[in-house]
J.: 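Below is one structure. I have some questions about it.
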Number of protein chains: 2
Amino acid sequence: MAQNEELDARKLMILKAIIDDYIESSEPVGSRTVAKKYDMGLSSATIRNEMADLEEMGYISSPHTSAGRVPSTKGYRTYVDKILEPASSDPALANEILSKLEDKMSEYGKLIKACAEIASQLTNYIAIGVTHGSAKNSVKALQLVPVDEQSALVVVVTDDNSVKSKLVSLNEKIEPDRLIEMSGIINRYFYGKPANSVTLMTLNRISEESGISRSLLLPFVDAIFDCIKECGKGQIYTEGTAQLLRHPEFDSIDKARDFIEMIQDEDMLEKIVNQSEDLGNGLTVSIGTENGNDGMSDYSVVSAKFEVDGTCIGTVSVVGPTRMDYKNVISSLEFMKKMLEKKSLEGKKLLTDGSDIGAEDIGDLN
Amino acid sequence: MAQNEELDARKLMILKAIIDDYIESSEPVGSRTVAKKYDMGLSSATIRNEMADLEEMGYISSPHTSAGRVPSTKGYRTYVDKILEPASSDPALANEILSKLEDKMSEYGKLIKACAEIASQLTNYIAIGVTHGSAKNSVKALQLVPVDEQSALVVVVTDDNSVKSKLVSLNEKIEPDRLIEMSGIINRYFYGKPANSVTLMTLNRISEESGISRSLLLPFVDAIFDCIKECGKGQIYTEGTAQLLRHPEFDSIDKARDFIEMIQDEDMLEKIVNQSEDLGNGLTVSIGTENGNDGMSDYSVVSAKFEVDGTCIGTVSVVGPTRMDYKNVISSLEFMKKMLEKKSLEGKKLLTDGSDIGAEDIGDLN
DNA sequence: CGTTAGCACTCGGAATAATTGAGTGCTAAC
DNA sequence: GTTAGCACTCAATTATTCCGAGTGCTAACG
């Protein structure tokens, strides 16, 4: 039987049965189980012959003679690419997720973190959210807030609506009113400009035109740059570490620890997440040895790029054992991805529908 | 031998040896080990007699006949209260910690989170940070930032320098300039006022005096209240969950999972953290059964209230097995606590020393 | 020629038995 | 009061047996 031969329908059915069962039970699957549980109208002996073929072709393997068969990377790959049919989505779930994301929509960092959290809850695996730190953030607004007579808080809002703040200590005393006045002046110079367009020259010009001394201005501008830099930095959120212990592959503490330690390493994460076998639906699945990394050969990664208003705001990846519930993981991520995209379009519409904020909302605050 | 009799010096020494060894090895400690490793100038037989006494008095117990002894809650309590001598602090460590906290000092939420992170790293146990959400936050500054023509971001800075933001959708279009103008007006009404002093009446007055329509004002005021409410809410940060797996008491996955699940439960956390056996140094140690909670009988909690400028900003608790390295945990928390207090005093001083921000800082940003 | 019943064989895992050794309590001598 | 000596206990380790799920192969069947 040639290696590159296509699988016929029956072999595909049997492969599906084996993988479904293995995903469910985490035990090697025997011919009898396939014949009985997934009634194929065939005897176990026939299944056995087919399984021998599948093994020869590299789709499955047996841990030892008297055990059943276990899917190989190639087997999972075929399962994911050719066998898996899309799951239907649950509208109740959709609403639940929507409500959780509702007030996170404004800031992309928090949004990605929330998405990773939800992805982890939906799938029971670890989810990793990575924000798409872009270096060309511009300032949307900034404000200097008096803290005490010689320090102030710089609050910066960048064009992706993320808010960062930094405490600034000054050499000289400064009046709150003066600070607020400065706030307005600096704001005007920074507003809408990409961060890197503000240079030493600009600083001098601000100083000249506004009459604010360079030495007073500098600490604030420094802090503003720090804030921008921080916004540009991609954040990594790892959610659901505790989920790990639910899965039988982590029966020994050592395995769990090794995995967690690998997951903690940010460089490693970068590699893990940046795979690119697009499935056509905007998702990426990397299975076992496909990860290219020794330590990851027993794990799979499903990643989704999340977009809002057409721009990529980050990725969420679900990482779990190769014996992962691909159907659930893929459909969960796909679902969230679609929802975000729809939501961002609807957002515009929603605004014209009127808001449900009424006078009673303020009543109970008194 | 009476239960309430004081331990003599020799018994204390032996108890200390047993606990030290048990903390180090996690194995029941035998008389031979105590005699040889902690040379007491006594034979194992003598130690054995003393150990029998200690057991009778409830300071130690043996898991079974042919094992060594293990400290009881009472034993640990004596160890913590009477035996433990304070550890000396490491100046290099101090600097490292200081630098990590440097730019977190402005916002208490982040500060507590950072402290919990550091505490976990220092001790190798799980650390839980709880912020001291106070309901009477006042607004220090607020700003409305245009997002698109029908939505804006409300950014609120409260008096504890925490910054919260919220996206507001409007029924009508609004010009960016108008928004900035409103920003100034609303700001003036809220500035410095405790949150609950702004009532429906105030809203009407703002509307009258500024000429801004009530319906336009309302969503913003609502959002501001939401931000304040969020600031007031105490946050809980759990750091270092992965540390768990380092300790031999979590040799079985079940134990680890049970513990993690307990720790995830916020109500439970509340109970765990709110213990109050002050040691005189501002710390609180709750050992095993002292926790009063069934599930916690194998764990100990060391908590520290953290204060800045004389007001409590939150607590950091380290949670680990009763066989915890109390010396390290206590001294680590004590150290951080002191550092924060010193730092907050020095802060004022630092401001007058001049800052190290110079022109070169802006140079490399171009 | 594909399918199936039957059978001998394999081998990991569970159950059981044997062995080891760390630690104890007690007694008697110093 | 301290200590050496000794019989005893019992968890943990190791060896041994036993069981059964699963396989591959062969021969018969439609």
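Here is the naming used below: chain letters follow the sequence lines, and residue numbers restart at 1 for every chain.
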J.: Test of understanding: with side-chain hydrogen bond (donor to acceptor under 3.5 Å, both in side chains), list the residues that count as partners of A/S252, not counting sequence neighbours.
T.: none
J.: Taking only Lys NZ, Arg NE, NH1 and NH2, and the carboxylate oxygens of Asp or Glu, determine whether B/D254 and B/R257 approach each other closer than 4.0 Å.
T.: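 Here B/D254 pairs with B/R257 in a salt bridge, since their nearest N and O are under 4.0 Å apart.
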J.: Which atom pairs, donor and acceptor, lie under 3.5 Å between side-chain atoms of residues 27-37 of chain A and protein residues at least two apart or in another chain?
T.:
from  : atom 1 : to    : atom 2 : distance (Å)
A/S31 : OG     : A/R48 : NH1    : 3.4
A/K37 : NZ     : A/D21 : OD1    : 2.7

J.: Could you tell me from which nucleotide to which nucleotide of DNA chain D, 5' to 3', there is an atom under 4.0 Å from chain A heavy atoms?
T.: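 Nucleotide range with atoms under 4.0 Å of chain A: D/dA21 to D/dC25.
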J.: Could you work out, with side-chain hydrogen bond (donor to acceptor under 3.5 Å, both in side chains) as the rule, every residue matching A/S120, not counting sequence neighbours?
T.: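 Here no residue qualifies.
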J.: Start at the 5' end of DNA chain D and walk down; is the nucleotide closest to A/N49 or to B/S43 reached first?
T.: B/S43
J.: Could you tell me the separation between the CG atom of A/L42 and the P atom of C/dG2, rounded to a whole number of Å?
T.: 13 Å
J.: Tabulate below the donor-acceptor pairs under 3.5 Å that side-chain atoms of residues 236-244 of chain A make, not counting sequence neighbours, or state none.
T.:
from   : atom 1 : to     : atom 2 : distance (Å)
A/E239 : OE2    : A/K113 : NZ     : 3.1
A/Q243 : OE1    : A/R246 : NE     : 3.1

J.: How would you list, by chain and number, every residue that makes a side-chain contact (heavy atoms from CB on, under 4.5 Å) with A/S61, sequence neighbours excluded?
T.: A/E55
J.: Take the protein atom CZ of A/R10 and the nucleotide atom P of C/dG2, then report the distance between them rounded to whole Å.
T.: 9 Å
J.: Please enumerate all residues that pass ring-ring contact (aromatic ring centres under 6.0 Å, His included) together with B/Y76, with sequence neighbours excluded.
T.: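 Result, ring-ring contact (aromatic ring centres under 6.0 Å, His included) vs B/Y76: B/Y326.
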J.: Under 3.5 Å between N/O atoms: give me all the protein pairs with nucleotides 19-23 of chain C, atom names plus distance.
T.:
from   : atom 1 : to    : atom 2 : distance (Å)
C/dG23 : O4'    : B/S66 : O      : 3.2
C/dG23 : O3'    : B/A67 : O      : 3.4

J.: Who pairs with B/Y125 by ring-ring contact (aromatic ring centres under 6.0 Å, His included), at least two apart in sequence or on another chain?
T.: B/H247
J.: Among residues at least two apart in sequence or on other chains, which ones pass side-chain hydrogen bond (donor to acceptor under 3.5 Å, both in side chains) with B/Y22?
T.: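 Partners of B/Y22 under the side-chain hydrogen bond (donor to acceptor under 3.5 Å, both in side chains) test: none.
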J.: In chain order, what residues pass the side-chain contact (heavy atoms from CB on, under 4.5 Å) check against A/D8, with sequence neighbours excluded?
T.: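 A/D8: side-chain contact (heavy atoms from CB on, under 4.5 Å) contacts with A/R10, A/K11.
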J.: Could you spell out the base pairing of DNA chain C in dot-bracket, with Watson-Crick or G-U pairs whose two distances are under 3.5 Å, [ ] crossing and | to another strand?
T.: ||||||||||||||||||||||||||||||
